[in-house]
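Structure first, then comments.
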Amino acid sequence: MSSRLIGVGVGPGDPELVTVKGVNALRAAAVVVVPVMDTGERGRAEATVLHYVEAQKVVRVVFALNERTDRSRREAAWDAAGERVAALLREHGTVAFATIGDPNVYSTFTYLAQTIADLVPGTVVETVPGITAMQDLASRSGAVLTEGTEPLTLVPVTAGAAVLKEALSGPGTVVAYKFGRQAREVAEALRDSGRLDDAVWGSALGLPEESIRPAAELDGAPLPYLSTLIAPARREGGRGGKL
């Protein structure tokens, strides 16, 4: 039988936001892999998974999650992680990989699946969608992501503040991921585009250290790396004005 690699989205951190299908996939898998940095500290995905499966089923695999400057080091880490997961697939048949958010949205799972396709040909790759940080932040803050015909643009600020500035010049809602280290540039971009007052940011959603604040309070101080920003579309014309 073919081995199966299942990417399971476990949401932004609140264990109650893991879907029923996600929980079932985690429990049905022989092994649940969770990504960790080389520091070895427990990640958000692992903390969420442990609410639903026993610790002995969980296997930590090191990924270069924060390596963006040294490509050779990053590639070596991906290769090593792929070899580890490939060995687990050969031994157990079905392996789940838990990823925060959704496995098809800026997830390490994408790179793992590509690596496994070469290492274990014939492996069936599946994904279980998860709730994203932008959905959770919208719910917790009351921000409306889209109305009527409005577009929605999702930007990783790791691509640079210029990408965010371009998105903010458009008509729809803009969501920025991973902007914590460039909080000053993000605040400037919001101010320059006239979209500072309605924007909101959040981090550690659903966790004890959760922080949700108006973007107008950004003072340039560094924020947690996984901070999320929502800059809602400019809305005029009352209810249904964008239909």
Backbone N or O of [Y] within a donor-acceptor pair of the [X] side chain at under 3.5 Å?
X	Y	value
Asp14	Gly206	no
Glu150	Glu147	yes
Tyr177	Met134	yes

Tell me if the centroids of the rings in Phe97 and Phe63 come within less than 6.0 Å of each other.
yes

Would you compute the distance between atom [atom1] of [X] and atom [atom2] of [Y] and round it to the nearest 0.5 angstrom?
X	Y	atom1	atom2	answer
Leu223	Leu218	CG	CG	6.0 Å
Leu164	Leu229	CG	CG	7.0 Å
Thr132	Gln135	OG1	CD	3.5 Å
Ser193	Lys165	OG	NZ	10.0 Å

CZ (Arg184) with more than 12 external heavy atoms under 6.0 Å
no

Regarding Thr146 and Thr173, do their side chains bring together a donor and an acceptor under 3.5 Å, going by distance alone?
no

Have a look at Val49 and tell me which of Val8, Val33, Val58 forms a side chain to side chain contact (heavy atoms under 4.5 Å, CB included) with it.
Val58

Which residue pairs pass the side-chain hydrogen bond (donor to acceptor under 3.5 Å, both in side chains) test when at least one of the two sits in residues 110-131, sequence neighbours left out?
Ser3-Thr123, Arg4-Glu126, Asn104-Thr127

